[in-house]
Every structure is written in structure tokens, then in C-alpha cells.
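So you know, we letter chains A, B, ... as the sequences are listed, proteins then strands, and number each from 1. All of these numbers come straight from a predicted model, not from anything done at the bench.
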Number of protein chains: 2
Amino acid sequence: MDKSICPRFEKAMSILSQRWTGLIIYQLLGGPQRFCSLESSIGVSGRVLSERLKDLENEGIVKREVFPETPVRIEYSLTDKGVALEPLMRDIENWSQNWI
Amino acid sequence: MDKSICPRFEKAMSILSQRWTGLIIYQLLGGPQRFCSLESSIGVSGRVLSERLKDLENEGIVKREVFPETPVRIEYSLTDKGVALEPLMRDIENWSQNWI
DNA sequence: ATAATAACTTACATAAAGTAAGTAACTATA
DNA sequence: TATAGTTACTTACTTTATGTAAGTTATTAT
């Protein structure tokens with residue numbers, strides 16, 4: 001091995017290349033969403049969605065807010081770090097329109 | 001399920017969010033590379049690299065060229081479709097510099 | 001004849017993701 | 001009071017994906 005790739009870039013890739021991460025972020029660009037809403041619009045299993053949201057929260061990309069209503073409402077949204085991924089998502093959008 | 005995500009976008013994501021795909025494309029932006037060179041610079045196993053390169057070839061993102069020298073030389077490079085991913089890779093680079 | 005090299009492939013083990021059922025906390029309905 | 005409904009999970013179990021290490025093919029060098 002003679003890794004010549006920037007560790008920051010690799011770290012970013014390791015986050016973004018996890019299954020479902022991109023779609024979760026893309027969905028949240030449209031505004032805050034609830035667990036079940038993400039689950040159904042993306043088509044990810046609850047088990048993995050739960051895991052991914054925790055990871056993204058730990059990375060400071062997603063924010064979790066609890067509203068103690070009945071039944072409880074929990075909203076997920078993007079932090080500034082998450083919103084900073086918008087240009088990237090737009091590039092994927094453009095590329096997919098031109099080449100897929 | 002009420003999928004509201006553009007199928008082209010989803011398809012693009014399913015390619016790009018596969019483990020190692022991003023790093024392979026990123027490395028090939030620097031020019032054609034051989035199998036063993038990709039293997040060592042990225043740190044992916046040969047088994048999976050082989051699988052990925054086939055997938056990317058099938059998607060028309062990567063081109064495989066055989067040079068019948070001794071020992072044989074095989075070079076992988078990006079097609080136009082692959083090169084079109086450069087802005088995206090630059091965005092990931094930028095984001096990682098600012099936020100990681 | 002043996003070893004070396006590149007580019008894979010195969011067999012087997014471990015890690016990640018999917019599926020379906022279960023839980024907690026509360027409310028609405030019978 | 002009991003039953004069922006709702007949201008946001010978690011748990012146990014199965015299937016798929018990836019890693020590891022050894023083997024294969026074709027060719028040249030020693």
C-alpha cells in the first residue's frame with residue numbers, strides 16, 4: 001500500500017459512500033423530516049435508517065429535535081455542515097440528468 | 001412507500017454510493033491506472049476492485065485497455081461519462097477541506 | 001526447470017444490510 | 001377497564017456484501 005489520498009477526502013468519501021447516506025441528505029435538503037417519512041420516501045429499512053441517522057448526527061451533519069406532543073414528533077434536519085453538501089447533491093442531479 | 005425521488009438520481013446514487021466507487025473514479029481523474037496501482041493506492045481488496053471495475057465498465061464510466069506486452073499491461077481510464085464526474089469530486093474535495 | 005510478474009478468480013470467513021416482530025409511551029375508542 | 005392505534009425505535013434472525021488468502025493463466029527471465 002502506498003496511500004496517496006488525502007485523509008480528509010477519504011473520510012468524506014467513507015461517510016458519503018455509505019449506503020443510503022446520500023439519499024437521506026438529499027431528502028433533508030427539502031426541509032426537516034420525520035423518521036417514518038424518510039423511511040417511506042427513500043425505501044430504507046427502519047433498522048438501517050436508525051443507524052444512519054445516529055451516524056450522521058455524530059458527524060454533525062444531521063440534527064435531531066424532539067417535540068413532546070402526542071404522539072411524540074421527532075424531526076431530522078441538516079446542520080450547516082449538512083447544508084454545505086447541497087452543491088454536491090446538485091452535481092449528482094445534473095450528472096444523472098445528462099448521463100443516466 | 002411513496003417514493004418521490006427521481007429514478008435517474010436514485011440510479012446515480014446507487015452507483016456512487018457503492019463502497020470504493022468514488023475513490024476509484026477519483027484516482028482515475030489523475031490519468032489511466034493499472035489494476036495493482038489502484039489496489040495499493042486505494043487499499044481495496046483485489047476481489048472487490050475486480051468486481052467494481054467490471055460494474056463501472058458496464059455503466060460506461062470506466063474503459064479497460066489491454067496492451068499485449070510482457071507481462072501484459074492493462075489500463076483503466078475514465079470515459080467521457082466518467083470525466084463528467086469531476087465537478088462532483090471537486091465538491092467532495094472542497095467540502096472535506098472545509099468541514100472534516 | 002524454477003522463479004517471477006500482472007491480473008485476476010475461487011473458497012471460505014466476517015461484516016453490513018434486510019425482514020419481521022417486539023417495545024415504550026401515550027391517546028382514542030368501545 | 002380493556003383494546004387498539006400511533007410514532008419511533010430495538011431485537012433476533014436471514015441474506016448479501018466485503019475481506020483474506022491461496023490458486024490460475026500466460027509469459028519471460030534465470
Side-chain angles (χ1 to χ4, degrees), chain A residues 1-3 5 10-28 31-59 61-78, chain B residues 1-3 5 10-28 31-59 61-78:
Chain A
M1 286 214 221
D2 66 285
K3 299 215 187 192
I5 301 175
E10 260 197 278
K11 167 79 183 186
M13 268 295 185
S14 78
I15 296 170
L16 297 170
S17 73
Q18 289 236 90
R19 203 168 186 178
W20 305 115
T21 302
L23 287 178
I24 292 170
I25 292 168
Y26 183 70
Q27 282 294 91
L28 293 181
Q33 298 225 15
R34 306 173 67 167
F35 190 91
C36 61
S37 150
L38 286 169
E39 196 175 0
S40 62
S41 66
I42 293 176
V44 61
S45 72
R47 194 196 140 300
V48 173
L49 178 57
S50 172
E51 198 175 293
R52 280 298 174 282
L53 289 169
K54 267 180 209 154
D55 293 347
L56 289 170
E57 212 190 334
N58 287 335
E59 294 293 346
I61 293 169
V62 161
K63 187 176 53 182
R64 182 182 192 264
E65 269 187 299
V66 181
F67 299 86
E69 304 170 352
T70 298
V72 66
R73 181 164 55 101
I74 295 173
E75 283 191 349
Y76 296 92
S77 57
L78 294 177
Chain B
M1 285 218 227
D2 67 285
K3 298 213 186 191
I5 302 175
E10 259 197 278
K11 167 77 184 190
M13 267 297 184
S14 79
I15 297 170
L16 298 171
S17 73
Q18 287 235 90
R19 201 168 186 179
W20 304 115
T21 302
L23 287 179
I24 291 169
I25 293 168
Y26 183 72
Q27 282 294 91
L28 293 181
Q33 297 225 15
R34 307 174 67 169
F35 191 92
C36 61
S37 149
L38 286 168
E39 195 175 1
S40 64
S41 66
I42 294 176
V44 61
S45 72
R47 194 197 140 297
V48 173
L49 179 57
S50 171
E51 198 174 292
R52 281 297 173 284
L53 287 170
K54 268 181 210 151
D55 294 346
L56 289 170
E57 212 190 332
N58 288 334
E59 294 294 345
I61 293 170
V62 161
K63 187 177 52 181
R64 183 182 191 264
E65 270 188 297
V66 181
F67 300 87
E69 305 169 351
T70 297
V72 67
R73 180 164 55 99
I74 294 172
E75 282 191 350
Y76 296 91
S77 57
L78 294 176

Between CD of B/Glu39 and P of D/dG19 the distance, given in whole Å, is 11 Å
Residues at least two apart in sequence or cross-chain that pass side-chain hydrogen bond (donor to acceptor under 3.5 Å, both in side chains) with A/Glu75, listed by chain then number, are A/Arg73
Sorted by chain and number, sequence neighbours left out, side-chain hydrogen bond (donor to acceptor under 3.5 Å, both in side chains) with A/Gln33 holds for A/Ser37
Those residues at least two apart in sequence (or on a different chain) that pass salt bridge (charged side-chain N to carboxylate O under 4.0 Å, His left out) with B/Glu51 are B/Arg47
Open item on the list: Test your reading of the model: is there a side-chain donor-acceptor pair from B/Ser40 to the backbone of B/Cys36, 3.5 Å cut-off?
Closed with: yes
Contacts of A/Phe35 and B/Glu69 projected onto DNA chain D by closest heavy atom; the upstream (5') one is A/Phe35
Hits for side-chain hydrogen bond (donor to acceptor under 3.5 Å, both in side chains) against A/Gln27, two or more places apart or cross-chain, chain-then-number order -> A/Ser41
Separation of C/dA7 atom C1' from B/Gln33 atom CD, nearest Å, is 15 Å
note: B/Leu49, atom CG; D/dA17, atom C1'; distance rounded to Å ~ 16 Å
Would you say D/dT10 has OP1 or OP2 under 4.0 Å from some side-chain N or O of A/Lys54?
yes
Atom CD1 of B/Ile74 and atom P of C/dT5 are separated, to the nearest Å, by 18 Å
In B/S/- notation (B base, S sugar-phosphate only, - none; protein heavy atoms under 4.0 Å), nucleotides 11-30 of chain C written 5' to 3' is B-----BBB------SS---
Practice item. Tell me what B/Tyr76 touches on the nucleic acid: a base, only sugar-phosphate, or nothing, going by heavy atoms under 4.0 Å. Key: sugar-phosphate
Those residues at least two apart in sequence (or on a different chain) that pass salt bridge (charged side-chain N to carboxylate O under 4.0 Å, His left out) with B/Lys54 are none
To the nearest angstrom, the CG-C1' distance between B/Asp55 and D/dA17 comes to 12 Å
| task | Give a yes/no on whether any side-chain N or O of B/Ser50 is located under 4.0 angstrom from OP1 or OP2 of C/dT9. | result | yes
